[in-house]
2 protein chains.
Amino acid sequence: MRLSKTACSDCPIRHRAVCAECDTDELSILEGIKSYVTIPSGGSIALAGEPLHYLSSVVTGCATISKTLEDGRRQLVGLLLPSDFIGRPGRANQSFDVEAVSDVTLCRFERKAFEGIVRASPNVARRLLTMTLDELDVARDWQVLLGRLSARERVAHFLLSLVRREASDSGADLVSGAITLQLPLSREMIADYLGLTIETTSRQFTALRRDGLIESASARQILVPDLARLMLETMDDDGGTIA
Amino acid sequence: MRLSKTACSDCPIRHRAVCAECDTDELSILEGIKSYVTIPSGGSIALAGEPLHYLSSVVTGCATISKTLEDGRRQLVGLLLPSDFIGRPGRANQSFDVEAVSDVTLCRFERKAFEGIVRASPNVARRLLTMTLDELDVARDWQVLLGRLSARERVAHFLLSLVRREASDSGADLVSGAITLQLPLSREMIADYLGLTIETTSRQFTALRRDGLIESASARQILVPDLARLMLETMDDDGGTIA
DNA sequence: CGAAGAATTGAGACGGCTCAACCAAAGTGG
DNA sequence: CCACTTTGGTTGAGCCGTCTCAATTCTTCG
């Protein structure tokens, strides 16, 4: 399903996406080759092993990056939110599955054309490198979570990662206090993200609720009455601050 | 400890490191700002949170990237072998600890100077992007291992990752057959890499030995009599091939 | 209102962890 | 040169956290 093009200058992710550092000239080149596509919730955006014809930025919605083993075990390795980039220039095939978990609008570029832009535009190339390095740090932090944290720590960490992401998107400075958040993922997907089962994940939500660290109107709607207290559960080395 | 400079053209990692795609002009610029340093086994190369003055390529030896939690739990998030790059241009502070696990020779660049080269030399920038994207894929594959594989599968996968790396370095094509390998890590470090304890790791080595999948002259010296059979233990989706 | 999917809860099994002993190889010092 | 220590690895016994299997409740939607 195609949408009418939005001018890049009006784009909600203009200052965070791969185009963030483009000048107006570069932007107009991108404008010339981009197209918008909306993937319905549950739809596939890319399949591991398949040739990759398009690279894209997430404009709205939420998607997952995952791998499924032959016997059905599944592990999410990334969460894609607005401004995140999908695909890798310079490689013909996709390494992981990418799936929409809500309706997702993509700003899409034909791969070959985009690779030309990466070559021609240092601002795009630099931004892409910065974003990739950031993703690498995130992936490695997640390795620590998967390798060493308990189920309770994982769930607390997951909730805080959502809070952090939301804060950094809106530029807000969250010191502490009450915060509500909308979970973009089902319990099953959270479990696959955290390397746990659905049941263990659910039990940890219940335990956090019992201990007063979270409250919930529904399964997807979480209230964190005291962010600092939740942070104490995560046992990470960020020293209890968010920045 | 400083070593005499080797000419880049004679460098053992010339065609695999960040400089792989440089032409002779670019190479001579790099040559001008590089210096060699050797870190003794066990020494620290970088500490998480500390300012990062140098970026470098591993020329010889082996190093680890890791994070240690306040309570002592530790997780390796990467293994650095010759040609791998350390540090990230564009960020002042280091995200993870980097430690030498053997004597390590680095080809080192002052950060600011190297950032200038990344800006000026598209071949370096592109190579760096490619390497970072590769690392991201590796990190995500490791997330799957940490989140979903059993202890036995993890150890088998670890051994195969060493075999693969060795094969790709030497350009050899390994279909199957017997292979010997020298483990660069102690049992403790392997455990920290795999998200296990020392004891569990040791038991899995014993079990693989009992089942005839590996043989060992010493703890660090492993013989894999039949690579294909070991691959069957890994349960990954590579379809049993190495490529 | 009934059906289907999502989430929660419970009971028991099991894999990996903890604590502890033991062993082998490699120093170290008298 | 040999006791002693140190370090890294292996093995054993029992415990605990998470998984598995199953039932129940909640939510959503036709």
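Each chain gets a letter, A, B and so on, in the order its sequence line appears, and its residues count up from 1. These figures come from a predicted structure and were not determined experimentally.
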Participant: Parallel, tilted or perpendicular for B:Trp142 and B:His157, by the 30°/60° rule?
Facilitator: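 Aromatic pair B:Trp142/B:His157 classed perpendicular.
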Participant: Please determine if B:Asp97 and B:Arg74 form a salt bridge, counting it only when a charged side-chain N lies under 4.0 Å from a carboxylate O.
Facilitator: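 Result for this pair is no, no salt bridge flagged.
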Participant: Going by number, which of residues 195-203 of chain A have a non-hydrogen atom under 4.0 Å from DNA chain C?
Facilitator: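 Of all residues in residues 195-203 of chain A, the ones placing a heavy atom under 4.0 Å from DNA chain C are A:Ile198, A:Glu199, A:Ser202, A:Arg203.
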Participant: Mind checking A:Ser150 for me? I need base, sugar-phosphate or nothing, with any heavy atom below 4.0 Å counting as a touch.
Facilitator: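 Contact class for A:Ser150: sugar-phosphate only.
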Participant: Could you report the tightest heavy-atom contact between A:Glu166 and A:Thr180, atom names first, then the distance?
Facilitator: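 It is OE2-O, 4.2 Å.
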Participant: I want to confirm an ordering. Mapping B:Ala219 and A:Gln204 to their closest nucleotides on DNA chain D, which one lands closer to the 5' end?
Facilitator: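 Its nearest nucleotide lies further toward 5', so the answer is B:Ala219.
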Participant: Check whether any side-chain nitrogen or oxygen of B:Arg209 sits under 4.0 Å from OP1 or OP2 of D:dT10, and answer yes or no.
Facilitator: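 Checking D:dT10 against B:Arg209, a side-chain N or O does come within under 4.0 Å of OP1 or OP2.
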Participant: Which atom pair, heavy atoms only, marks the closest approach of A:Val98 to A:Ala63?
Facilitator: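 Looks like CG1-CB, 4.4 Å.
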Participant: When the axes are fitted on five pairs at both termini, how much does the helix from C:dC1-D:dG30 to C:dG30-D:dC1 curve, in 10° steps?
Facilitator: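 The angle separating the two end axes equals 30°.
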Participant: Please report, rounded to the nearest Å, how far the C1' atom of C:dA7 is from the CD1 atom of A:Ile222.
Facilitator: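 After rounding, the reported distance stands at 12 Å.
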Participant: Across the strands shown, which category fits B:Arg220 at heavy-atom distances under 4.0 angstrom: base, sugar-phosphate, nothing?
Facilitator: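 Sugar-phosphate, backbone atoms only, no base.
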Participant: Let me know the distance between CG of B:Leu183 and P of D:dG8, rounded to the nearest Å.
Facilitator: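 Roughly 15 Å, once rounded to whole Å.
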Participant: Taking salt bridge (Lys or Arg N to Asp or Glu O under 4.0 Å) as the definition, give me every residue that meets it alongside B:Arg91, ordered by chain and number, with sequence neighbours left out.
Facilitator: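 Only A:Asp134, A:Asp137 meet the salt bridge (Lys or Arg N to Asp or Glu O under 4.0 Å) criterion with B:Arg91.
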Participant: Compare side-chain N and O positions of B:Arg187 against OP1 and OP2 of D:dT7 and report whether any pair is under 4.0 Å apart.
Facilitator: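 For D:dT7, neither OP1 nor OP2 has a side-chain N or O of B:Arg187 closer than 4.0 Å.
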Participant: Return yes when atom CD of B:Glu199 has more than 12 non-hydrogen atoms of other residues, nucleotides or ligands closer than 6.0 Å, and no otherwise.
Facilitator: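 Yes.
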Participant: Send over the distance from A:Glu188 CD to D:dT20 P, rounded to a whole Å.
Facilitator: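 One finds 13 Å between P of D:dT20 and CD of A:Glu188, rounded.
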Participant: Given atom CZ of B:Arg210 and atom C1' of D:dT10, what is their separation to the nearest angstrom?
Facilitator: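 Distance check: B:Arg210 CZ to D:dT10 C1' gives 14 Å.
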Participant: So which atom in A:Lys34 and which in A:Thr6 form the shortest heavy-atom distance, rounded to 0.1 Å?
Facilitator: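 Nearest heavy atoms, A:Lys34 then A:Thr6: NZ-O, 2.8 Å.
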Participant: Ignoring hydrogens, what is the shortest heavy-atom contact between A:Val58 and A:Ile13? Give both atom names and the distance.
Facilitator: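 Closest heavy-atom pair between A:Val58 and A:Ile13: O-CD1, 3.4 Å.
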Participant: Please report the distance, rounded to the nearest Å, between CG in B:Leu194 and P in C:dG16.
Facilitator: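 Atom-to-atom, B:Leu194 to C:dG16, this comes out as 12 Å.
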Participant: Can you tell me if the side-chain N/O atoms of B:Thr206 get under 4.0 Å from OP1 or OP2 in D:dT11?
Facilitator: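 Looking at the OP1 and OP2 atoms of D:dT11, one of them is under 4.0 Å from a side-chain N or O of B:Thr206.
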Participant: How many whole angstroms separate atom CG of B:Leu185 from atom C1' of D:dG8?
Facilitator: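 Between C1' of D:dG8 and CG of B:Leu185: 14 Å.
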Participant: Find out whether B:Thr201 and B:Phe158 are in side-chain contact, i.e. whether some heavy atom of one side chain is under 4.5 Å from a heavy atom of the other.
Facilitator: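 No, too far: nothing below the 4.5 Å cut-off.
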Participant: Using whole Å, report how far CD1 of B:Ile190 lies from P of D:dG8.
Facilitator: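 About 13 Å, once rounded to whole Å.
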Participant: In whole Å, what is the span from the CZ atom of A:Phe205 to the C1' atom of C:dT8?
Facilitator: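 Going from A:Phe205 (CZ) to C:dT8 (C1'), I get 13 Å.
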